[in-house]
Amino acid sequence: MRSHLGGALRRADVGAKVTLGGWVHRSRDLGGLVFLTLRDREGVLQVSFNPDWTAPEVITAAAAVGVESVVLIEGTVHERPADQYNPEMATGEVEVRATAIRVVGPAVTPAIPVAVGRDAKPPAEELRLRHRVLDLRRPELQFALILRHRLMQATRSYLSGLGYLELETPILTKPTPEGARDFLVPSRVHAGEFYALPQSPQIYKQLFMCCGFDRYFQLARCFRDEDLRADRQLEFTQIDIEASFIGREDIITMAEGLIRALWAEAGIAVETPFARMSYADAMERYGCDRPDLRYDLAIADLSATFAGSESGIIQSALAAGGRVRGIVIPGGGAWSRKQVDELEAIAKSAGAGGLVRLKSAGGQVEGPLAKFLSPEAQAALGLSDGDLLLAVAGADRISSPALDRVRQECAVRLGLVDPAVRRFLWVLDFPMFDQDPETGALAAVHHPFTSPNADDMAAHPGAPERWRALAYDCVLNGMELGGGSIRTSDPAVQSRMFGLLGIAETSEQERRFGFLLEGLRAGAPPHGGIAFGFDRIAMLLAGATSLRDVIAFPKTTAARALFEGAPSVVPVQDLEELHIRTVTGA
RNA sequence: GGGGGCGUAGCUCAGUUUGGUUAGAGCACUCGACUGUCACUCGAGAGGUCGCGGGUUCGAGCCCCGUCGCUCCCGCCA
């Protein structure tokens with residue numbers, strides 16, 4: 001039906017007789033002379049209807065077509081006169097002189113505009129989602145989804161090239177303990193029983209290793225029934241990878257190559273290897289496990305300096321085993337009382353009791369606590385003129401998240417966040433467990449299948465909260481791109497892990513994880529892997545600010561699909577067949 | 001579950017401060033004019049449950065209460 005994609009025509013195509021199919025992007029009727037802008041996935045192209053080469057009834061038909069209608073056009077590619085080039089169009093040096101037009105898909109007047117002006121705001125997101133077919137016609141979204149496709153192909157090409165096999169895992173599966181709420185699917189055949197949608201293919205990919213498939217990957221759909229965010233959807237795609245007979249360094253090298261290949265697909269050169277930092281250092285210096293290294297503003301331990309102060313707040317924090325930690329902000333001394341109050345509010349919302357503030361001006365240290373500090377202590381702070389010191393006294397569990405947020409906000413205020421800079425980072429040696437400060441209960445930081453560090457187990461056999469894990473996260477500019485670990489391949493160790501996590505009963509372990517334990521007992525190779533958040537990577541590389549712009553049919557933050565209207569009520573008979581009765585008011 | 005922002009014509013918005021005549025603009029749409037436009041231009045026209053419900057008032061787009069939707073964030077979620 002078509003001979004060319006109109007948006008791809010260039011000066012080299014001049015002279016070609018073409019048949020084009022596409023959408024009417026804009027139309028300009030000059031009276032006896034009509035221009036249509038035709039749009040397809042390659043771009044937009046001007047088609048001219050002129051009595052010199054177009055029959056009168058064709059011109060009449062062209063003048064009558066509404067925008068967003070689908071047309072088939074016949075004509076010839078001509079170079080435009082040099083003074084009529086349109087530098088804003090990739091096809092701007094040519095036009096197609098039409099001899100025929102057929103409206104094959106007339107369109108009603110669009111509810112939201114597709115051809116938006118240069119400075120025009122796009123319609124409200126609700127309308128964009130409600131009229132998604134129109135929204136997805138916009139060149140930016142076409143670009144984003146086409147880039148997404150290319151990133152998928154680059155992933156496949158890179159990993160296949162390394163011998164990885166793309167293997168599929170079930171969507172209807174068994175509830176697993178990733179920590180998030182599962183989506184459940186009722187079984188019609190087995191009354192009262194449910195499948196779960198996978199939060200990730202974690203166990204299946206480990207089983208593949210036990211099967212001997214050796215190198216696995218999948219562009220895996222994952223499902224988590226939690227509240228949404230700009231960067232979080234109910235269903236999302238992961239680049240899921242697992243390999244056998246490898247160690248941490250093998251995974252890191254492979255993953256750096258993958259990142260390089262993906263960024264190259266978007267035209268960005270990435271240097272490897274990436275920087276590395278231990279979890280402990282990241283928490284100590286930046287207060288978080290995925291620091292943005294585009295700026296420093298590192299946290300320092302000031303406990304020794306403040307030890308001699310007579311401030312009650314400080315003394316009680318230190319007495320309780322806490323520390324005083326703070327950030328020196330060059331130039332922050334010029335900030336107003338109100339601006340610093342705002343920073344304190346941020347620290348408080350993160351759980352801190354308040355912010356200790358000291359600034360250096362004219363060689364003097366000023367601030368509410370300055371009088372408690374000896375001249376020696378004041379000098380030890382190392383403040384230069386104009387510096388502001390913001391500190392939090394208390395347990396690290398409190399001060400780290402508070403200083404993390406303060407640090408990020410200060411960086412924004414100081415203009416230190418350069419979007420053109422990319423600082424990739426591996427965070428290594430995560431702790432194996434997170435301990436609830438009240439109950440003492442352990443929870444897996446990564447997941448229960450991660451292998452603990454064998455040296456730590458040997459050194460502190462009775463203190464699992466001190467064990468590190470063979471886990472690693474890949475971080476870019478403060479964002480987690482992906483993470484993984486070397487897994488436990490010894491079924492006895494795995495069983496012990498379940499025990500530490502509160503699943504002590506053998507029968508309970510077998511009921512929930514028997515299929516994994518059976519795989520491990522059948523002879524498991526040492527293995528490990530990693531998973532990257534594919535949507536988030538696509539969002540970054542497309543220059544989008546919301547995941548919804550790189551997902552064709554996303555959900556709103558209220559977990560609704562506005563275009564198709566999901567979720568929706570279903571007939572009672574359907575529920576009965578599934579052995580389900582709804583509760584009133586639902 | 002909690003907090004913030006937004007909701008006025010098909011779309012983007014003004015009008016809400018301090019309640020007061022018939023709620024406006026640009027774009028889109030309809031009709032007309034126009035032979036090289038490219039966000040075509042020009043003229044005319046049509047288009048409104050001011051998200052929804054209730055209240056206060058002589059009178060509500062504007063004030064009060066409730067509710068719904070979208071969005072950002074916290075909780076939650078790697």
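Just so we're clear, the structure is a prediction, and the values are computed from it rather than from any experiment. Here is how names work: the chains are called A, B, and so on, in the same order as the sequence lines, proteins then strands, and each is numbered from 1.
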Can you tell if the side chain of Arg468(A) reaches within under 4.5 Å of the side chain of Tyr279(A), non-hydrogen atoms only?
no

Among the nucleotides A28(B), A78(B), C11(B), whichever has the atom closest to the side chain of Arg224(A) is A78(B)

Salt bridge Arg413(A)-Glu409(A), side-chain N to carboxylate O under 4.0 Å:
yes

When you check the gap from the basic side-chain N to the acidic O, do Glu93(A) and Arg11(A) get nearer than 4.0 Å?
yes

For Thr556(A), answer base if it contacts any base atom (sugar-phosphate contacts may also be present), sugar-phosphate if it contacts only those atoms, and nothing otherwise; contact means non-hydrogen atoms under 4.0 Å.
sugar-phosphate

Taking the C1' atom in each of A14(B) and G61(B), what is the distance between them to the nearest angstrom?
12 Å

Among the nucleotides G36(B), C38(B), C72(B), which one has an atom lying closest to any side-chain atom of Ala230(A)?
C72(B)

Please work out if Arg229(A) contacts a base, only the sugar-phosphate, or nothing of the nucleic acid, heavy-atom cut-off 4.0 Å.
base

With rounding to the closest Å, how many angstrom separate the C1' atoms on G7(B) and G51(B)?
6 Å

Interatomic distance at C1', C58(B) relative to C42(B), whole Å:
47 Å

If I pick the C1' atom on G15(B) and the same atom on G24(B), what distance separates them, to the nearest angstrom?
8 Å

Integer angstrom distance from the C1' of A44(B) to that of G54(B):
43 Å

Describe the nucleic acid contact of Asp29(A) in one word from base, sugar-phosphate, nothing, applying a heavy-atom distance below 4.0 Å.
base

I'd like to know if Glu126(A) reaches the base of U71(B) with its side chain, counting only an N/O donor and acceptor under 3.5 Å.
no

Identify the nucleotide, in any strand shown, that forms a Watson-Crick or G-U wobble pair with G66(B), with both distances under 3.5 Å; if there is none, say none.
C52(B)

Please report the distance, rounded to the nearest Å, between CE in Met89(A) and C1' in C40(B).
14 Å

For the pair Arg232(A) and Glu226(A), find out whether any cationic side-chain nitrogen is under 4.0 Å from an anionic carboxylate oxygen.
no

Is a donor-acceptor contact shorter than 3.5 angstrom present between the side chain of Asp227(A) and the base of C76(B)?
no

How does each nucleotide of nucleotides 42-48 of chain B score, in 5' to 3' order, for protein heavy atoms under 4.0 Å: base (B), sugar-phosphate only (S), or none (-)?
-------

Would you mind classifying the nucleic acid contact of Ala558(A) as base, sugar-phosphate or nothing, using non-hydrogen atoms under 4.0 angstrom?
sugar-phosphate

Take atom C1' in C72(B) and the same atom in U30(B), then report the distance between them in whole Å.
40 Å

Name all residues meeting the salt bridge (charged side-chain N to carboxylate O under 4.0 Å, His left out) criterion together with Asp13(A); count only those two or more places apart in sequence or in a different chain, and write none if there are none.
none

Looking only at the side chain of Arg405(A) (C-beta and beyond, no hydrogens), which of the listed nucleotides C74(B), A39(B), C29(B) gets closest?
C74(B)

Are Asp549(A) and Arg138(A) ion-paired here, with the side-chain N under 4.0 Å from a carboxylate O?
no

Classify the nucleic acid contact of Val445(A) as base, sugar-phosphate or nothing, counting any heavy atom under 4.0 Å across all strands shown.
base

Is there a Watson-Crick or G-U wobble partner for A44(B) with both distances under 3.5 Å, and if so, which one is it?
U30(B)

If pairing means Watson-Crick or G-U wobble with both distances under 3.5 Å, then the partner of G1(B) is C74(B)

Rounded off to whole Å, could you give me the CZ-to-P distance for the Phe49(A) and U37(B) pair?
18 Å

Per the atom types in the model, does the base of C76(B) pair as donor or acceptor with the side chain of Arg232(A) at under 3.5 Å?
yes

Both Phe35(A) and Pro113(A) contact RNA chain B. Which one's nearest nucleotide lies toward the 5' end?
Pro113(A)

State plainly whether the residues Lys17(A) and Glu74(A) are in salt-bridge range, i.e. N to O under 4.0 Å.
no

Using a 4.0 Å heavy-atom cut-off, does Glu95(A) contact any base of the nucleic acid, only the sugar-phosphate backbone, or nothing at all?
base

Regarding Arg548(A), tell me which of base, sugar-phosphate or nothing describes its non-hydrogen contacts under 4.0 Å with the strands shown.
sugar-phosphate

Would you state whether a donor and an acceptor, one from the side chain of Arg181(A) and one from the base of G75(B), lie under 3.5 Å apart?
no

Considering every strand and a 4.0 Å limit on heavy-atom distances, what is the contact class for Asp473(A): base, sugar-phosphate, or nothing?
nothing

Rounded distance (Å) that lies between atom P of C38(B) and atom CG of Leu33(A)
12 Å

Ion pair Asp240(A)/Lys205(A), N-O distance below 4.0 Å
yes

Taken to the nearest whole Å, CG/Leu228(A) to P/C70(B) is 11 Å

Check Asp429(A) with Arg248(A), please: is the shortest side-chain N to carboxylate O separation under 4.0 Å?
yes

Looking at every strand, decide which applies to Pro81(A) at a 4.0 Å heavy-atom threshold: base, sugar-phosphate, or nothing.
nothing

Gap between atoms CZ and C1', on Phe430(A) and A78(B) respectively (whole Å)
9 Å

Asn50(A) CG - C40(B) P separation (whole Å)
18 Å

Give Ala115(A) one of three labels, base, sugar-phosphate or nothing, depending on what nucleic acid heavy atoms sit under 4.0 Å from its own.
nothing

Taking distance alone, no hydrogens or angles, what donor-acceptor pairs closer than 3.5 Å link side-chain atoms of residues 32-45 of chain A to residues at least two apart or in another chain?
unit_1	atom_1	unit_2	atom_2	d
Arg39(A)	NH1	His25(A)	ND1	2.9
Arg39(A)	NH1	Glu68(A)	OE2	3.1
Arg39(A)	NH2	Glu68(A)	OE1	2.8
Asp40(A)	OD1	Gly7(A)	N	3.3
Asp40(A)	OD1	Glu42(A)	N	2.9
Asp40(A)	OD1	Gly43(A)	N	3.3
Asp40(A)	OD2	Gly6(A)	N	2.7
Asp40(A)	OD2	Gly7(A)	N	3.2

